[in-house]
Amino acid sequence: MAGTIILFVLTLAFALLWTTRTLDSQAADQSMVQMRNEQDDMLARARMITLDYTKWDAAVSALAVRDFDWIYDNIGSTATIGRAVQLVVLSGGPVRGDIGWTDAGGGRETTGLLSQGILDAVGRRLADVPDDSYGGIDFFGWSDGSLYALGASRFEPVDNVISLPDGATDFGFLVMGIRLTDDMLDDTARSFLLKDLRIVRSVAPWQMGLPLRGQDGEPVAYLAWDRPFPGGDALHQLMPVLGVVMALTVCLAVLGLLLVRRSAQHLLEAKRRASVAALTDALTGLPNRAAFNEMIARPSCAGGRSIVFLDINGFKRINDSIGHAAGDQVIACIARRLSRLGAPGTFLARISGDEFVFVVTGPDIEHRTSRLLSAIESRLSEPFSILGHRMLLQAAVGYAVQEVDDLPGDDLVRHADLAMYEAKRQNSRVAVAFSSMIGQASIDATRIEQGLRSALATRGELSVAYQPITGTDGRFVRAEALARWSSPEFGIVSPSRFIAVAEQAGLMIELGRRLLTLIRDDLVAHPDLRVSVNISPLQLVVPDFVPDLLHDLSIRGIGPDRIQVELTESVLVKDTQLVADHLRKLRTAGFSTALDDFGTGYSSVGYLEQMSFDTLKIDRAFVQGVRDSGRRRAVLRAMIDMAHGLGLSVVGEGVETDEDLVLLRELGCDLVQGYHLGPPMHIDALGARWLSGPVPAQLAV
């Protein structure tokens, strides 16, 4: 018995010591990984903020003419405000020496915020960054007794079309810094459960330390914190118990069982916490998609549950305009407001970036769902204050109530999702209920997709109609090519319907090629025909779109100057840089370009300048009824004057009466389009009225 007890005590002591060291080692490793990730995030944030300001045509233009008032108003004031960065330094190029601002400087311009040695080293490192690479560097550095996470990048023009003084190539570089404050360290320490986190010049033996490297790669300081000892702390707490165990050998077996039981409880609790974490959204603390899927997997009877599906409208614009940090705060604020609507039988989850779902279960489901929808509308109608920005948000809301027994939860979610998309399509401010009509629309979309696939595999169903675009004096300039589909099954299908289905089903590339082939044949047959073609964003981003189109036109002797490529405003806000690159390729190849339906989307004067369009097409909504409204006339005149100021020709759409035509002529509109001038028509009708006639068949090859 004594030997057994001694062996048990030794085994227990070894196990405890091993467990203690393992826990301590894991905790230390985890704290180092967490702090290294925090360091990387801080440097990446400083670098990306700096890139946003240096890859900016307006900033390059201001530096080229030494407009330092503009530089302060648009760059230096960033440090003065101090929300994103607290230090801004410009050096090189037109800047003699260096100038800078801090949030403690009261907007005063100063020099020497960073040592000349640091600035020289930054300049050398940036010289190794390739031009047009959208690259920069990051490091840590001291300024006026404070440590900063610094990002640096050269000023470079993004759009090579901007006007710069002759010989202007070096515009210097920009350094922006985020100050490491005690409050920031305290927040980080609380987040990662660290003790005594601080910035030091050297690390003590009992501390853990992460070097913060400067521009030369050498540490300029360290983040130091007390080494965590969760295992040691636990062992220290157990020492009295172990002493009693070893002193009172008679109770060893009982105490051993108690300790094993306690360890098992700890493991179960850790497993429970891990399970909760796996089912929780990290940003909002709400249940995530996995938890939601578990919830809807449970069976329910008719009238036993409903799904309310929310999607925040325009959320991408928030991320693009004021940053992803603001977007995260918006999501967190929405989650807090919605979570206050919780009641017994109500489950709220965040299932994707800007999508939230309520599951309502229990009796009186329709009444409770109606009350929840009213509460959601009320909560979301209140303004949000995010990073100093006051904003009003809208959500597309759709819902579905289970009406039959044993309806799978996935089907009920799909119904609510379809209702939400219907609310988004209608731009509805109130919730939309799922109905058989919405379900039938989804089924119809599937049938239309199948019919469109058949039409693409055969000839004769798809065609092109042409609507003339003329000068205000009646002379023919070009015709807009419009897609048409005459289906044996559905009859005449609206372009807005089948083009939307084609984009969702991945058929837009193939459909676009078919329509361009038909247009190409008409251009060959009518040498004096010039066309305007609306290109889908899915076509535009295909890498070989422009080379393939040029090759196809070249072998048939069609000049690209006979084709104007139209894009809608919605294309511009999705990927501005990519669209600008493709437009430059089109214009370089000889195509002219136009922005269609101007005024119905989100484009701005900045977009128009960056994209370098040739023509602006004003949407019919601004033309119709303008004679009866002085306000509309003023808006229309301002749009035309703005376009002319940017060197664009203007097409007024929706000309339905002679009065519309006369008014647009008076306002200075260059070209007009509408049923008053001619409806969309077959190429033969267009040729008979507006063109000189087709070439002989043997020449149209």
Side-chain angles (χ1 to χ4, degrees), residues 32 35-51 53-54 72 75-92 95-129 136-154 172-189 194 196-204 207-225:
M32 181 61 73
M35 293 309 300
R36 187 173 289 112
N37 290 340
E38 185 73 10
Q39 170 197 251
D40 293 343
D41 289 345
M42 197 180 308
L43 290 173
R45 189 163 70 251
R47 183 177 69 254
M48 293 307 299
I49 293 173
T50 307
L51 288 171
Y53 284 92
T54 53
Y72 171 72
I75 299 179
S77 60
T78 305
T80 304
I81 296 171
R83 291 195 182 100
V85 297
Q86 295 78 46
L87 172 74
V88 173
V89 176
L90 283 80
S91 181
V95 180
R96 297 177 181 176
D98 66 275
I99 57 174
W101 301 269
T102 67
D103 59 341
R108 294 190 304 275
E109 178 181 311
T110 185
T111 62
L113 291 177
L114 293 175
S115 70
Q116 190 60 43
I118 290 178
L119 294 176
D120 291 342
V122 170
R124 289 192 297 272
R125 288 184 62 189
L126 289 175
D128 295 331
V129 178
I137 62 173
D138 50 52
F139 57 93
F140 289 92
W142 292 91
S143 175
D144 196 23
S146 296
L147 185 64
Y148 291 81
L150 300 169
S153 177
R154 290 195 307 269
F173 60 86
L174 175 69
V175 182
M176 285 186 159
I178 301 172
R179 183 186 298 118
L180 277 67
T181 64
D182 291 339
D183 290 342
M184 184 186 301
L185 296 178
D186 291 342
D187 290 343
T188 303
L194 302 179
D196 202 16
L197 177 64
R198 57 193 182 278
I199 298 172
V200 298
R201 296 286 186 170
S202 60
V203 181
Q207 294 176 318
M208 297 194 67
L210 178 67
L212 306 177
R213 303 191 182 277
Q215 43 77 29
D216 57 358
E218 296 298 322
V220 297
Y222 294 84
L223 278 177
W225 62 95

How far apart are the closest heavy atoms of M184 and L180, and which atoms are they?
SD-CA, 4.1 Å
Could you go through the side chain to side chain contact (heavy atoms under 4.5 Å, CB included) check for D103 and T80 one step at a time?
CA-CA 4 Å; D103 59 341; T80 304; over 6 Å; no
Can you name the ring pair (Phe, Tyr, Trp, His ring centres under 6.0 Å) partners of Y72, sequence neighbours left out?
W101
Check: L223 and L185 side chains under 4.5 Å, non-hydrogen atoms
yes
Can a donor-acceptor pair be found, under 3.5 Å and without considering hydrogens, that links the side chain of S146 to the backbone of R179?
no
Could you check whether any side-chain heavy atom of Q86 comes within less than 4.5 Å of a side-chain heavy atom of T181, counting everything from C-beta outward?
no
Donor-acceptor pair, side chain of W225 and main chain of A189, under 3.5 angstrom
no
Exercise answer: donor-acceptor pairs, residues 109-123 side-chain atoms, under 3.5 Å, sequence neighbours excluded:
from	atom 1	to	atom 2	distance (Å)
S115	OG	I118	N	3.2
Q116	NE2	D120	OD1	2.8

Without swapping roles, check the side chain of S91 against the backbone of G97 for a donor-acceptor pair under 3.5 Å.
yes
If you look at every heavy atom in L43 and F139, which pair is closest and at what distance?
CD2-O, 3.5 Å
Going from CZ on F140 to CG on L150, what distance comes out if it is rounded to the nearest 0.5 angstrom?
8.5 Å
Which pair of heavy atoms, one from R154 and one from F173, lies closest together, and at what distance?
CA-CB, 3.9 Å
Rounded to the nearest 0.5 Å, how far apart are CD of Q39 and CE of M32?
10.0 Å
Could you walk me through whether L197 and M35 pass side chain to side chain contact (heavy atoms under 4.5 Å, CB included), step by step?
CA-CA 10 Å; L197 177 64; M35 293 309 300; 4.0 Å; yes
Looking only at atom types and distance, does a side-chain atom of R125 sit under 3.5 Å from a main-chain N or O of Q215, one as donor and one as acceptor?
yes
Over all atoms of both residues, closest heavy-atom pair of A224 and V200:
CB-CG2, 3.6 Å
Minimum-distance pair of heavy atoms, taken over all atoms of L147 and G141:
CD1-O, 3.4 Å
Heavy atoms, side chains only, cut-off 4.5 Å: are Y53 and T78 in contact?
yes
What is the distance from atom CG of L194 to atom CG of D186, rounded to the nearest 0.5 Å?
11.5 Å
Could I get the full list of salt bridge (charged side-chain N to carboxylate O under 4.0 Å, His left out) partners for R198, not counting sequence neighbours?
D196
Taking atom CG of D41 as the centre, report whether more than 12 heavy atoms of other residues, nucleotides or ligands fall under 6.0 Å from it.
yes
Minimum heavy-atom separation for V129 to G136, with atom names?
CG1-N, 4.5 Å
Nearest-0.5 Å distance, OH of residue Y222 to CG of residue L212
9.0 Å
